[in-house]
Amino acid sequence: MNILIAGAHGTTGKKIIEELSKNRQMNIYGMIRKEEQAQTIKELGGHPILADLEGNVDKAVDNMEAIIFAAGSGPKTGPDKTTAVDKNGAIKLVDAAKKKGIERFVMLSSVGSDNPEQAQEEMRHYLEAKHDADEHLKASGLTYTIVRPVALTNEPAIGKIFADEKVDHTDKSIPIADVAAVLDQSVTEEKTSIKHSRYSAAPSQSRRP
């Protein structure tokens, strides 16, 4: 199975490649913007593909069977970059997947993107971008999973999460490694290959009663 990871050089993307590349039945391709990032992708067990979400991505999806969108503009960029990557870049990749007949698409979104108007002002534009990308994926006709995690941390993986359509995300966080594992399973497990949204939350043992 050929799987393309968008945002492959990011923290989450690298963890996805590292885990999925352990399965010898899978060929993992990491989309990168800079040639100097290629060696990192190779060391993780993936195959680098040079493409930019702000440019043409059609060739990047050639021969792919599934796509995981784990890209993000990052907290230090402005609203223009957020729109270009988190919204337009995601939409562009969804459209390319549909054009090439790639049916399986997994989207890393964010908790709160279903109701961005309720977010605090500093987060609203980011969540609006994620919301628009999610809605475009839902309307695309592709088989998809949307993963909307709570706040991400660099702590070690816990290995157990609570996932549901709606979660209480107040004061909750989740390790990036656990989110990467959810994304991995979302593209490989048949039971997630349905048209629905999935919300990833904090470890189930810390869930409020």
Side-chain angles (χ1 to χ4, degrees), residues 4-16 19 31 53-54 67-94 97 104-140 142 144-155 157-158 160-187 192 195-204 206-208:
L4 177 68
I5 314 299
H9 202 259
T11 304
T12 305
K14 287 188 283 191
K15 289 184 180 296
I16 294 170
E19 188 62 32
M31 184 189 296
L53 286 168
E54 296 182 61
I67 295 173
I68 298 177
F69 185 92
S73 57
K76 296 182 180 180
T77 62
D80 290 347
K81 197 72 169 179
T82 299
T83 298
V85 175
D86 296 89
K87 176 183 174 178
N88 295 341
I91 288 173
K92 190 180 300 182
L93 201 59
V94 168
R104 191 77 183 95
F105 200 107
V106 177
M107 179 80 81
L108 174 59
S109 185
S110 174
V111 70
S113 60
D114 52 336
N115 294 298
E117 68 280 357
Q118 297 179 9
Q120 295 181 357
E121 186 175 352
E122 62 269 23
M123 288 294 295
R124 194 168 299 146
H125 181 76
Y126 169 75
L127 292 176
E128 285 173 347
K130 288 295 187 184
H131 171 270
D132 291 348
D134 292 352
E135 292 302 309
H136 188 80
L137 176 58
K138 290 178 184 179
S140 68
L142 301 177
Y144 68 84
T145 302
I146 299 173
V147 179
R148 291 172 170 164
V150 293
L152 303 178
T153 72
N154 289 313
E155 296 176 3
I158 297 172
K160 190 175 183 181
I161 67 161
F162 169 68
D164 204 346
E165 288 291 317
K166 295 287 183 181
V167 296
D168 173 15
H169 60 275
T170 308
D171 299 324
K172 293 289 198 305
S173 62
I174 187 171
I176 290 174
D178 284 319
V179 174
V182 172
L183 294 167
D184 291 346
Q185 292 175 16
S186 294
V187 80
T192 69
K195 291 180 172 61
H196 77 294
S197 299
R198 188 175 198 181
Y199 297 76
S200 170
S204 60
S206 64
R207 181 189 175 194
R208 294 181 180 180

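Here, residue 1 is the first one in the sequence, and each next residue gets the next number.
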Which atoms form the tightest heavy-atom contact between Arg148 and Lys138, and what is the distance? NH2-NZ, 4.1 Å
Thr11 side, atom OG1; Asn154 side, atom CG - distance, nearest 0.5 Å: 6.0 Å
Would you name the heavy atoms of Pro79 and His125 that are closest together and state the gap between them? O-NE2, 3.0 Å
Between Leu127 and Ser110, the two heavy atoms sitting closest are CD2-OG, 3.6 Å
Closest non-hydrogen atoms of His131 and Asp114, given as atom of the first, atom of the second and distance, are CD2-O, 3.9 Å
Given 3.5 Å as the limit, does a donor-acceptor pair link the side chain of Asp178 with the main chain of Ile158, or not? yes
Spacing of CG belonging to Asp86 relative to CG belonging to Leu53, to within rounding of 0.5 Å: 9.5 Å
So Asp132 and His136, do their side chains get closer than 4.5 Å, heavy atoms only? no
Gap between atom CG of Leu4 and atom CD1 of Ile67 - 0.5 Å precision: 5.5 Å
Minimum heavy-atom separation for Pro175 and Ala157, please, with both atom names. CB-CA, 4.2 Å
To the nearest 0.5 Å, atom CG of Leu152 lies from atom CG of Leu108 at 7.0 Å
Any chance NZ of Lys92 has more than 12 other-residue heavy atoms, nucleotides or ligands included, within less than 6.0 Å? yes
Correct closest heavy-atom pair for Lys130 and Ser113 would be CB-CB, 3.8 Å
NZ (Lys14) with more than 12 external heavy atoms under 6.0 Å: yes
Among Ile68, Thr145, Leu142, the one residue meeting side chain to side chain contact (heavy atoms under 4.5 Å, CB included) with Arg104: Thr145
Could you tell me the separation between the OG atom of Ser109 and the CD atom of Glu135, rounded to the nearest 0.5 Å? 9.5 Å
To the nearest 0.5 Å, atom CG of Asp134 lies from atom CZ of Phe69 at 10.0 Å
State whether the side chain of Asn88 and the backbone N or O of Glu54 hold a donor-acceptor pair below 3.5 Å, judged by distance alone. no
